[in-house]
2 protein chains.
Amino acid sequence: MGNLKKRSECPISSSLDIWGDKWSLLIVRDLMISKQCTYGDFLKSEEKIATNILASRLQMLEENDVITKQEHPESKAKVLYKLTQKGIDLLPLMIEINLWADKYFTMPPERRVMLEEVKKDKDAFIASKRIELL
Amino acid sequence: MGNLKKRSECPISSSLDIWGDKWSLLIVRDLMISKQCTYGDFLKSEEKIATNILASRLQMLEENDVITKQEHPESKAKVLYKLTQKGIDLLPLMIEINLWADKYFTMPPERRVMLEEVKKDKDAFIASKRIELL
DNA sequence: TAAATTCGCTTGCGTTTTGCAAGTGCAAAT
DNA sequence: ATTTGCACTTGCAAAACGCAAGCGAATTTA
């Protein structure tokens, strides 16, 4: 299944080999907003990812150490997904995507609040989010 | 062909709808390194993009105002592709990808030189690159 | 405690996208 | 006048995607 083949030694290319598709960064986004999600949580988010695609992306991201599975504290039937350090390190990237999008799309009001905070002091925002996610 | 359908109002998702695939950001990368490229230049880069895929991505990026076509000064047979302002604004994002990759992959030596400069003063680097690309 | 429901996936299958090779049409060089 | 270069286009097989249904284990409900 989701095994990685590098197209080149270029760091951009190698990065895209892992999360360069329409869905992976949305999974990362959900984990940055919610800190931890179950399989069902991902399915609920508004872009409506197909369940087989979700499964393959989660596997890919786990194999590449961007996310980890943990057992749910209150049920063996549930699984918790979280970002690893490598995943949390995508935070600056995600923020730059938001800033770019802010310039060229209309932002939903809730995101706007967060972005104001980011614009005030980007590094501080990243630092506090980083702690929050660990 | 490459027409855009938004999956949601989320800025991350909308961004990915434009350049969220394995190839688009490599085209942007080439244009950030070379400032302007011909169709043939893109084909030459080491990831070896298929010509039909290249054509569809160039069209998509142009439709979404990330790149523009210009006529080549010395030949009507050639076409020059350049980044628009919207494309140049992807620079901070590209730099964050590089920084992330720097942490988790081995970097080719030439990129290392650039990254040292970035680490010394990120904003200054972006500012000078910005001017260079216009 | 048996039956129904929840949860995290897997499977099948039709559709779309990708990747490779070959081809086309215009421009420029020979 | 003919060949070469350049920017694509076309055809087709293979892979990835998207949708719906199914499945086994864990949990809840009757």
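Since we're looking at a predicted model, the values are computed, not measured. Protein chains get the first letters and strands the later ones, always in sequence-line order, with residue 1 at the start of each.
- The distance from atom CG of B/Leu26 to atom P of C/dG19 is 11 Å, rounded to the nearest whole Å.
- In this structure, the CG atom of A/Asn52 is 10 Å from the P atom of C/dT10, given to the nearest Å.
- Contact between the side-chain N/O atoms of A/Trp23 and the OP1/OP2 oxygens of D/dC17 is not found at any separation under 4.0 Å.
- Rounded to an integer number of Å, the gap from NZ of B/Lys5 to P of C/dT15 is 15 Å.
- Nucleotide C/dG14 holds its P atom 17 Å from the CD1 atom of A/Ile53, rounded to whole Å.
- Under the 4.0 Å criterion applied to side-chain N and carboxylate O atoms, A/Glu117 and A/Arg112 are not assigned as salt-bridge partners.
- Distance CZ (A/Arg57) to P (C/dC9): 15 Å, rounded to an integer number of Å.
- For the OP1/OP2 pair of D/dC8 and a distance below 4.0 Å, the side-chain nitrogens and oxygens of B/Tyr81 include at least one atom meeting the criterion.
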Kindly indicate, with the supporting measurements, whether the criterion side chain to side chain donor-acceptor pair (under 3.5 Å) is fulfilled by A/Ser24 and A/Asp21.
-> CA-CA 6 Å; A/Ser24 296; A/Asp21 67 86; 2.5 Å; yes
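- Scanning all heavy atoms of the two residues, the minimum distance from A/Lys82 to A/Lys35 falls at CG-O, 3.9 Å.
- Contact check, B/Lys78 against C/dA29: no side-chain N or O comes under 4.0 Å of OP1 or OP2.
- Here B/Phe42 lies out of heavy-atom contact (under 4.0 Å) with every strand.
- Taking the nucleotide of DNA chain D with the nearest heavy atom to each of A/Ala50 and A/Glu74, the more 5' of the two is matched to A/Ala50.
- Look at B/Asp89 and A/Lys103 and you find a salt bridge, because one of the NZ, NE, NH1 or NH2 atoms lies within 4.0 Å of a carboxylate O, short of that distance.
- Close to D/dA26, at under 4.0 Å from its OP1 or OP2, lies no side-chain N or O of A/Ser75.
- If you check every strand for non-hydrogen atoms under 4.0 Å, A/Lys22 touches nothing.
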